[in-house]
Amino acid sequence: MLKDFLAGVRVIDLSQFLPGPFATQLLADMGAEVIKVESPSGDYIREMTWPIIEGTSLLHLHINRGKRSLTLDLRTPEAVEVYLDLVRGADVVIEAMRPGSLARRGLGYEKLCEVNPRIVFCNISGYGMTGPYKDMPSHGIAFDTWAGLVKPAYDDEGFCYIEEHPSMGIHAGPVIGALGVLAAVIRARETGEGSMLEIAQSDAAAYMDWYRIESHMAYERPEDVVTGNKADNYKRRAIGTAGMKEAVRYQMYDSADGHVLFMASEQAFWENFCKGIGRIDLFEEWPGAKYADHAIGNRELQAELREIFKTKTSREWLAFSGEHNTPIAPVNSPKTIAVDPQFRDRFPLYPHEKHGTDMLPFPVKFL
């Protein structure tokens with residue numbers, strides 16, 4: 001773990017489940033001292049979800065790594081005094097409760113400022129401190145469905161279900177929160193003034209999908225003002241990645257043993273590819289525009305490429321990509337990525353022998 005970069009920064013983690021602890025885990029990975037304050041009953045995340053490894057959840061092992069732990073019953077005056085004493089020597093307090101939970105106990109931002117005017121107080125909640133949903137009970141997937149990231153799916157019997165998807169809100173919220181906290185700590189050390197931050201996981205989920213959301217808003221304006229791009233003759237294409245369905249030169253293809261992503265939408269890359277496979281005739285017939293030309297809807301070319309890509313394995317196509325300067329990428333799954341050579345090089349795992357489970361390290365490399 002990265003032990004030096006945030007040395008001297010003390011964080012009090014007064015949160016349970018995932019969002020708050022994930023934010024503080026990021027800070028701990030960079031060397032902050034994180035003290036996780038738990039109630040006498042403990043954080044129930046130890047038993048949450050799956051897999052369970054020797055009685056403890058993978059979630060707990062990952063998001064609470066590198067932290068110290070302290071049990072306090074904040075319903076007692078003695079525990080409150082201990083907590084306030086911790087705050088006196090801290091830089092940051094992070095809570096992940098419904099907004100105002102600590103304030104109702106007399107331990108909100110104003111009280112903490114009395115004992116430490118430089119304190120940075122951050123609340124990470126589901127829907128934030130304002131708006132009609134602020135008091136609604138919720139779980140992590142709610143913020144992804146709210147943000148329009150997860151579509152309803154139906155099984156063979158017609159029952160609606162949640163499709164497999166990357167969880168955005170519960171991860172993006174803490175990442176953005178940690179970024180805001182670091183900015184606030186810098187300001188506090190320069191000015192002596194603390195600050196209060198609040199992050200909604202729902203906001204973060206929507207913010208990470210800004211391109212689609214803003215594209216929809218842009219397309220609501222007149223077509224003579226907001227058009228498609230030059231390579232599409234300025235015709236509006238479907239929003240975001242939905243506009244890739246009919247793409248040909250930027251598309252997934254079956255290889256001899258799996259799939260690859262072909263990305264020769266720039267004319268120079270497309271020419272390199274055609275020369276590399278000995279099919280310059282494809283370039284001569286369909287040279288395309290200089291930039292961002294996906295050959296939308298060209299089924300004849302797509303059929304040619306479908307057969308071409310079946311002639312090599314995925315690994316052979318990756319070697320071809322480097323040799324002929326044309327972008328071709330692996331298509332992995334959460335299962336297969338662990339054996340990908342790039343993944344192995346970039347993610348030296350924290351091993352289960354030492355940490356209880358195999359875990360991905362913090363992805364920023366300080367050189």
Side-chain angles (χ1 to χ4, degrees), residues 6 9-30 32-49 56-75 79-80 82-84 86-87 90-109 111-112 116 119-129 134-140 142-143 167 169-182 184-185 194-205:
L6 291 181
V9 175
R10 173 179 278 191
V11 180
I12 309 303
D13 181 357
L14 202 71
S15 57
Q16 295 191 100
F17 192 46
L18 195 148
F22 184 45
T24 57
Q25 175 241 304
L26 298 171
L27 300 174
D29 275 358
M30 290 187 285
E33 178 191 12
V34 177
I35 301 174
K36 180 175 171 59
V37 176
E38 299 189 49
S39 69
S41 60
D43 189 342
Y44 63 95
I45 198 172
R46 289 177 174 85
E47 305 175 36
M48 285 287 292
T49 73
T56 303
S57 73
L58 171 63
L59 277 181
H60 173 74
L61 291 171
H62 184 99
I63 66 172
N64 287 311
R65 68 191 185 199
K67 302 177 185 178
R68 300 165 64 191
S69 183
L70 178 68
T71 299
L72 290 177
D73 185 352
L74 292 178
R75 293 171 297 183
V80 168
V82 172
Y83 171 62
L84 292 177
L86 287 173
V87 172
D91 295 278
V92 181
V93 171
I94 291 184
E95 67 161 349
M97 310 174 187
R98 292 190 195 182
S101 296
L102 281 180
R104 285 189 288 274
R105 298 181 185 180
L107 296 173
Y109 175 62
K111 177 63 178 179
L112 301 190
N116 183 352
I119 198 70
V120 173
F121 184 88
C122 178
N123 175 276
I124 303 176
S125 66
Y127 294 107
M129 290 186 168
K134 65 183 177 66
D135 295 320
M136 284 174 53
S138 57
H139 271 298
F143 317 124
S167 298
I170 60 175
H171 292 107
V175 171
I176 292 172
L179 180 64
V181 161
L182 291 178
V185 168
S195 52
M196 181 173 178
L197 295 71
E198 67 106 352
I199 295 95
Q201 297 163 72
S202 55
D203 290 354

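No experiment lies behind these values; they were computed from the predicted model shown.
- Residues Ala28 and Val34 come closest through the heavy atom pair CB-CG2, 3.8 Å.
- Listed here is the closest heavy atom pair of Thr71 and Pro40: CG2-CA, 3.6 Å.
- For the pair Pro21 and Asp13, the minimum side-chain heavy-atom distance is below 4.5 Å.
- Distance check, rounded to the nearest 0.5 Å: CD1 of Ile119 to NZ of Lys111 gives 14.0 Å.
- Counting heavy atoms from C-beta outward, Asp91 and Val181 have side chains that stay 4.5 Å or more apart.
- The closest side-chain heavy-atom distance from Leu6 to Val11 is not below 4.5 Å.
- Distance OG/Ser15 to CD1/Ile45: 9.0 Å, rounded to 0.5 Å.
- Counting all heavy atoms, side chain and backbone alike, Gly20 lies closest to Ala96 at N-CB, 3.6 Å.
- From Leu14, atom CG reaches atom CZ of Phe121 across 8.0 Å, with rounding to the nearest 0.5 Å.
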Could you please spell out the steps behind the side chain to side chain contact (heavy atoms under 4.5 Å, CB included) verdict for Leu182 and Leu27? CA-CA 9 Å; Leu182 291 178; Leu27 300 174; 3.8 Å; yes

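- Atom-to-atom distance recorded for Ile124:CD1 and Ile94:CD1 is 5.5 Å, nearest 0.5 angstrom.
- Between the side chain of Ser202 and the main chain of Gly126, a donor-acceptor pair closer than 3.5 Å is present.
- The heavy-atom pair separating Tyr83 from Ile12 by the smallest distance is CE1-CG2, 4.0 Å.
- With sequence neighbours excluded, the residues forming a side chain to side chain donor-acceptor pair (under 3.5 Å) with Asn64 are His60, Lys67, listed by chain and number.
- Within the 4.5 Å cutoff, no side-chain heavy atoms of Met30 are placed close to those of Val9.
- For the atom pair Glu38 CD and Arg46 CZ, the distance stands at 4.0 Å (nearest 0.5 Å).
- Residues Gly128 and Ala200 come closest through the heavy atom pair N-CB, 3.4 Å.
- Here Asp43 pairs with Lys36 under the salt bridge (charged side-chain N to carboxylate O under 4.0 Å, His left out) rule; sequence neighbours left out.
- Rounding to the nearest 0.5 Å gives a distance of 7.5 Å between CD1 of Ile199 and CG of Asn123.
- Note on ring orientation: taking the six-membered ring where Trp is involved, the planes of His62 and Phe22 are tilted (angle from 30° to 60°).
- A heavy-atom distance below 4.5 Å is found between the side chains of Arg65 and Asp29.
- The main-chain N or O of Phe143 is never found under 3.5 Å from a side-chain atom of Gln201 such that the two would form a donor-acceptor pair.
- Across all non-hydrogen atoms, the minimal contact from Leu26 to Pro174 is CD1-O, 4.2 Å.
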